Amino acid sequence: MSVSIKSPAEITLMRESCRLISEVFAELEKMVEPGITTKDIDREGERLIREKGCIPNFLNYNGYPASICVSVNDEVVHGIPNKHRKLKEGDIVSLDGGLIYRGYHSDMARTVPVGYIASDARKLIDVTKQAFFEGIKMAKPGNHLYDISEAIDDYVTPFGYGIVKDLVGHGIGTRLHEDPQIPNFKQKKRGIRLEPGMTLAIEPMINMGGWEVVWLDDDWTVVTQDGSLSAHYENTILITEGDPEILTLKM
Ligand code: MF3
Ligand code: CO
């Protein structure tokens, strides 16, 4: 395993890549309402990414056929946009996307309500987001990678939710997925030491029911085994000498 440390020049490019995808997400989140299709979101996402002169990094990644992963309700991640799949009031929809700016990748995800949603679905979305923030409280030099994993687990588990184990966060830079892998649940060891210049995508995926997931026959869509709702929240962050910088939060 080798974890890259980004130079100041690379960090500038990572910041810009992440700023641009967060601008795209601001637009996509506004689009979400009953009646639009998951394909509408993907099409607009790809258009916005290319309009900024960037490349959608998910498109054709291991054969994935779209620019934005759109996952509805019990779909955890990697839902394939479909022009026949209309969102309806009460759904929750997870959007996951990234882009390449001058060779540097960004990656982020949000779960968004479609119109008015049930209070238990709202709570799942809020806890998943807070899990990310609990995790990155540990994201500083002197701490170790799996301190992040443990903080997420310690926060989420008391709610009785299932933490997805089959998919993890990751390093990011000149490739979408770099070392290290970042689990969202407790590990037996503390993992590598965190160092300034590491850029990491931290992405809790949380199920209302059990943690188990299954893959659909399309070989992409991951769904909860028990059919319960699932939420996702991801940012690309930079480890600094002090507090981490969240690169995909639009200022
Ligand atoms: N969003 C995934 C991640 O956060 C990567 C998706 S790859 C794709 O790491 F092929 F599904 F697009
Ligand atoms: Co990611």
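Counting convention: from 1, in listed order, for ligands and their atoms alike. As the structure is a prediction and not an experimental result, all values here were calculated from the model.
Atom-to-atom distance recorded for K129:NZ and R110:CZ is 7.0 Å, nearest 0.5 angstrom. Between the CE atom in M14 and the OG atom in S106 there is a gap of 7.0 Å [rounded to 0.5 Å]. H170 NE2 to L176 CG: the interatomic distance, rounded to the nearest 0.5 Å, is 5.5 Å.
Take the Co ion (ligand 2) as the corner point: the lines to NE2 of H170 and to OE2 of E203 open at 90°, to the nearest 10 degrees.
The protein non-hydrogen atom at the shortest distance from atom 10 (F) of ligand 1 is Y64 CB, 3.1 Å. Residue, atom and distance of the protein heavy atom nearest to atom 7 (S) of ligand 1 are Y61 CD2, 3.7 Å. Atom 9 (O) of ligand 1 has H177 NE2, 2.6 Å as its closest protein atom, hydrogens excluded (heavy atom only). Looking only at protein heavy atoms, the nearest one to atom 2 (C) of ligand 1 is D96 OD2, 3.5 Å. Atom 6 (C) of ligand 1 has its closest protein heavy atom at H78 NE2, 3.5 Å.
The main-chain N or O of R19 is found under 3.5 Å from a side-chain atom of S22 such that the two form a donor-acceptor pair. Under a 3.5 Å cut-off, the side chain of N73 and the backbone N or O of I92 do form a donor-acceptor pair.
Near H170, meaning under 4.0 Å from any of its heavy atoms, are these atoms of ligand 1: 3 (C), 4 (O), 9 (O). Of all atoms in ligand 1, numbered sequentially from 1 with element shown, those under 4.0 Å from a heavy atom of C69 are 11 (F), 12 (F). Heavy-atom proximity to E234, at under 4.0 Å, picks out these atoms of ligand 1: 4 (O).
No part of N62 comes within 4.0 Å of ligand 1, judged by heavy-atom distances.
Looking at I80 and Y64, their side chains come closer than 4.5 Å, going by heavy atoms from C-beta outward.
Using a 4.0 Å cut-off between charged nitrogen and carboxylate oxygen, D42 and K39 count as a salt-bridge pair. The existence of a salt bridge linking K6 and E178 is confirmed by a sub-4.0 Å separation between a basic side-chain nitrogen and an acidic carboxylate oxygen.
Summarising the local packing, CZ of R193 is surrounded by 12 or fewer heavy atoms from other residues, nucleotides or ligands at distances under 6.0 Å.
E234 has its closest N, O or S atom to the Co ion (ligand 2) at the position named OE2. Summary: OD2 is the N/O/S atom of D107 found nearest to the Co ion (ligand 2).
Here D96 does not reach the Co ion (ligand 2): none of its N/O/S atoms is less than 2.8 Å from the metal. Residue contact annotation: H177 places no N/O/S atom under 2.8 Å from the Co ion (ligand 2).
Aromatic ring orientation, Y233 versus F133: tilted (interplanar angle from 30° to 60°).
At a 3.5 angstrom cut-off on N or O pairs, W220 does not count as close to ligand 1.
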